[in-house]
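Every chain is numbered from 1 and lettered A, B, ... according to where its sequence line falls, protein lines coming before strand lines. None of these values were measured; they are calculated from a predicted model. Any value given below was found using the heavy atoms of this structure, including those in side chains, with hydrogens, waters and symmetry copies removed.
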Amino acid sequence: MTVDGMFMWAMILLLFSAMLTLIRLLAGPTIPDRAVALDSMTTTTAGAMVLYGVITRQAVFIDVALVYAVLSYIATLYIARYLVKKRVGIAYEGDAP
Amino acid sequence: MNFEELFWAIQVLVGLGLLVTAVAAIRLKNLVSAVIAMAVFSLILSLEFYVLQAPDVAIAEAGVGAGLTTAMYLLAIKNTTDEEVVE
């Protein structure tokens, strides 16, 4: 097996694991489950983008993965801020809710 | 595995993911869940542009889809209820 074939199989496996996180995103009962699934799927897909850039040997494609990693961080940050403001998933402090 | 087979497999996975996340973004009743599903839709659409050799379009789609629309929709939903009101 050549090096390129190995990178191709790695990219296919990364995309397949992204599809597995997609199942958690569709079936997740709470919103924090879905937010974590979104973050995990973005990281996995950024890795797949870097592998595609290596396979096609074009350095421009690495920049897309870089930009997407930074921007998905901002999106996850906004979702987390919203969840903190709405107090989703925070345990009650004190005795009575 | 050669490049043609890789391209074919990526196209199948991307198409299935686009279909599933688009249906989820429409059907989910919780609005924040729908926004998250739309962020994933934008991610997979950006991957499709990327695979079709258009990295600049992919960067624009990433900026608009991941950063701007998610933040804007969440800022709008913050002022409303987060469940869809069924008449």
Heavy-atom proximity to chain A below 4.5 Å, by part of [X]:
X	value
B:V32	side chain
B:N2	backbone
B:V35	neither
B:I44	side chain

State yes or no: do [X] and [Y] share one hydrophobic cluster built from I, L, V, M, F, W and Y residues joined by side-chain heavy-atom distances below 4.5 Å, directly or via other members?
X	Y	value
A:W9	B:L47	yes
B:L16	B:F7	no
A:M8	A:V50	no
A:V36	B:L43	no
A:L77	A:V67	yes

Closest approach of [X] to [Y] (non-hydrogen atoms, all atoms of both residues):
X	Y	result
A:L22	B:G17	CD2-CA, 4.3 Å
B:A66	A:A75	O-CB, 3.1 Å
A:M19	B:L13	CE-O, 3.3 Å

Just give me the residue among [options] that pairs up with chain A most often, heavy atom to heavy atom, under 4.5 Å.
options	result
B:G63, B:S33, B:G67	B:S33
B:G65, B:A58, B:A39, B:P55	B:P55
B:V20, B:V40, B:V14, B:L68	B:V40

Give the interface residues of residues 21-28 of chain B toward chain A, defined by a heavy-atom separation under 4.5 Å.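 Within residues 21-28 of chain B, the residues that come under 4.5 Å of chain A (heavy atoms only) are B:T21, B:A24, B:L28.
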Value rounded to 0.5 Å, distance of CD1 in B:I10 from OH in A:Y52: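 If I round to the nearest 0.5 Å, the distance is 5.5 Å.
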Approximate separation, where rounding is to 0.5 Å, of B:L6 CG and A:I12 CD1: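 That separation rounds to 5.0 Å.
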Side chain / backbone / both / neither for [X] at chain B, heavy atoms under 4.5 Å:
X	answer
A:T76	neither
A:I79	both
A:L66	neither

Whether the side chain of A:Y78 engages the backbone of B:L74 through a donor-acceptor N/O pair (distance < 3.5 Å, no angle test) should be reported.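 Answer holds: no.
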Between B:Y50 and A:V64, is there a donor-acceptor pair closer than 3.5 Å when you use the side chain of the first and the backbone of the second?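 Between the backbone of A:V64 and the side chain of B:Y50 there is no qualifying donor-acceptor contact (under 3.5 Å).
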Would you say the side chain of [Y] lies within less than 4.5 Å of the side chain of [X], judging by non-hydrogen atoms?
X	Y	value
B:I36	A:I31	yes
A:D4	B:F3	no
A:Y68	B:I59	no
A:Q58	B:Q53	yes

For B:M72, I'd like to know if atom CE has over 12 heavy atoms of other residues, nucleotides or ligands within 6.0 Å.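 Result for CE/B:M72: open.
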Around atom OH of B:Y73, are there more than 12 heavy atoms from other residues, nucleotides or ligands closer than 6.0 Å?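 Open: at most 12 neighbouring heavy atoms sit under 6.0 Å from OH of B:Y73.
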Just so I understand: if I count every heavy-atom pair under 4.5 Å between each of A:L38, A:V60, A:L26 and chain B, which residue has the most?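 Option with the greatest count: A:L38.
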As an exercise: rank A:M6, A:M49, A:M11 by heavy-atom pairs under 4.5 Å with chain B and give me the winner.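 If we count pairs closer than 4.5 Å to chain B, A:M49 comes out on top.
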